[in-house]
Amino acid sequence: MDVIAIDDPTDAQIRGWHEVLTAVHAAGPAGDPAPDPGHTARGLRGAEPGSRRRLWAVADGDRLAGVAAVRLPGESGAGRPGEVDIQVRPPLRRRGIGGLLLAAAADGLRADGRTSVIAQVLAGTPAVPFLESHGFECVLSLRGMVLHVADVPPDLPARLLADGPAGYRLVRWRGVVPDEHAAALARAKHAMADFAEYEGEPWDARRVRETEEVVAERGDDLYTVAALSGDVVAGFTEVVVPHGAAGRAAQYDTAVVPEHRGRRIGIWVKAAMLQWLVADRPDVREIETDNSGDNAHMLAVNEELGFRVERESMEYQAAVAALPAR
Ligand SMILES: CC(C)(COP(=O)(O)OP(=O)(O)OC[C@H]1O[C@@H](n2cnc3c(N)ncnc32)[C@H](O)[C@@H]1OP(=O)(O)O)[C@@H](O)C(=O)NCCC(=O)NCCS
């Protein structure tokens, strides 16, 4: 079987790619929402600003057996790792297709001057022995939690809101950040950069807007709640309601800048978000979030709001030089 590079995916290739994702999802752990065809198409046609994407597939007759995508953040040769994602149809596994796709992806990473690569996988799935057999090591464990909105006691958000810290006020917006808060939000994002060790570029108002425009271009809705102390964003939380799959919204960043920590600002902004979504988006039934397994504070905030652990995932990393070549 040959690996083909897909530079400019055709409609048929996008359909074929989506069929692979659907087949992998059907055999995967229960509970994850099914992939959305529009989402797949948008993801394959356009990379996010500030990053490029390379795609490969292995054909099996007139359909695809497996697919691989690599995200290349920043410039070529940038110190940041590439990100690989490989998916093989369940009945065609253990025949070396995943290995072929990884070798193709490794060539692409080398050609782009990358020295390291990361992959996110679910604990307890074949991806773990697959990556470990290729020299990847686990560098981070993440706890995927879900909140079922119907299970939230009706008075909980209002109670937490009323307990808000003195001297702060809440603001909220939908979509791209209003100009008046853009620079302050960028400063708050910069302050949480210690959690996102790979996102080394400094946050400024332009990067915040660009990142938010990507969400809008995908057709997804971004909701933000921020706690202000004067004009300073002391903390914020973001939730994205995906286009076409609004049943499950995704928690994006939540952060409280170091000098404002310890005042329950994190749970305050999250309670305000919950109250807003309940009122504005009755179609949102669940909210999912990933937290670093060692971020005890954020895990505690989420548990207090009613989030429950649904799955454990891990981030694996390898040196590109150690990966197989084609
Ligand atoms: C992970 C995945 C891509 C592997 O694809 P694959 O085509 O089965 O991989 P290969 O046949 O090339 O496997 C290579 C080696 O990985 C290891 N491996 C792969 N699956 C394994 C499993 N279920 N149990 C134990 N070892 C496994 C073995 O060492 C295997 O070599 P062997 O078959 O000679 O023993 C596939 O299982 C998949 O699509 N999983 C769901 C999507 C996913 O989680 N992707 C990972 C993101 S990178």
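Both ligands and their constituent atoms are indexed starting at 1 by order of listing.
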Can you tell me the protein heavy atom closest to [atom] and the distance?
atom: atom 14 (C) of ligand 1; result: Phe130 CD1, 3.8 Å
atom: atom 36 (C) of ligand 1; result: Arg93 NE, 3.5 Å
atom: atom 11 (O) of ligand 1; result: Gly96 N, 2.8 Å
atom: atom 26 (N) of ligand 1; result: Pro129 CB, 3.3 Å
atom: atom 43 (C) of ligand 1; result: Ile86 O, 3.6 Å

Are any of the N or O atoms of [X] closer than 3.5 Å to those of ligand 1?
X: Gly99; result: yes
X: Ala127; result: no
X: Arg95; result: yes
X: Leu92; result: no

To which of [options] does the heavy atom nearest [atom] belong?
atom: atom 32 (P) of ligand 1; options: Arg94, Glu132, Arg89; answer: Arg94
atom: atom 7 (O) of ligand 1; options: Ser313, Gly98, Pro126; answer: Gly98
atom: atom 47 (C) of ligand 1; options: Leu21, Asp85, Ile118; answer: Asp85

Fill in: atom 29 (O) of ligand 1 touched by protein (heavy atom, under 4.0 Å)
yes

Worksheet item: Just checking, any donor-acceptor pair under 3.5 angstrom between side chains of Ser141 and Glu312?
Response: no

Worksheet item: Counting heavy atoms only, which part of Val88 comes closer than 4.0 Å to ligand 1: side chain, backbone, both or neither?
Response: both

Item to complete: Using a 4.0 Å heavy-atom threshold (strictly under), name the region of Ser133 that reaches ligand 1: side chain, backbone, both or neither.
Response: side chain

Worksheet, complete the sentence: When rounded to the nearest 0.5 Å, the distance separating CZ of Arg311 from CG of Asp290 is 5.0 Å

Discussion item. I need the Asp36 CG to Thr22 OG1 distance, nearest 0.5 Å.
Written reply: 9.5 Å

Worksheet entry | Partner of Val320 by side chain to side chain contact (heavy atoms under 4.5 Å, CB included), out of Val84, Val117, Asp112, Thr115 | Val117

Worksheet entry | Close-contact set for ligand 1 against Gln87 heavy atoms, below 4.0 Å | 39 (O), 42 (C)

Worksheet item: Is the backbone N or O of His243 less than 3.5 Å from a side-chain atom of Asp220, with the two atoms forming a donor-acceptor pair by type?
Response: yes

Item to complete: Would you mind reporting whether Phe307 and Leu299 have side-chain heavy atoms less than 4.5 Å apart?
Response: no

Worksheet item: Any idea how Tyr168 and Trp268 line up, ring-wise: parallel (<30°), tilted (30 to 60°), or perpendicular (>60°)?
Response: perpendicular

Worksheet entry | Minimal non-hydrogen separation, Leu305 against Val152, with atom names | O-CG2, 4.4 Å

Worksheet item: Which heavy atom in Ala23 sits nearest to a heavy atom in Arg89, and how many Å separate them?
Response: CB-NH1, 4.0 Å

Fill in: Glu137, CD atom: more than 12 neighbouring heavy atoms under 6.0 Å
no

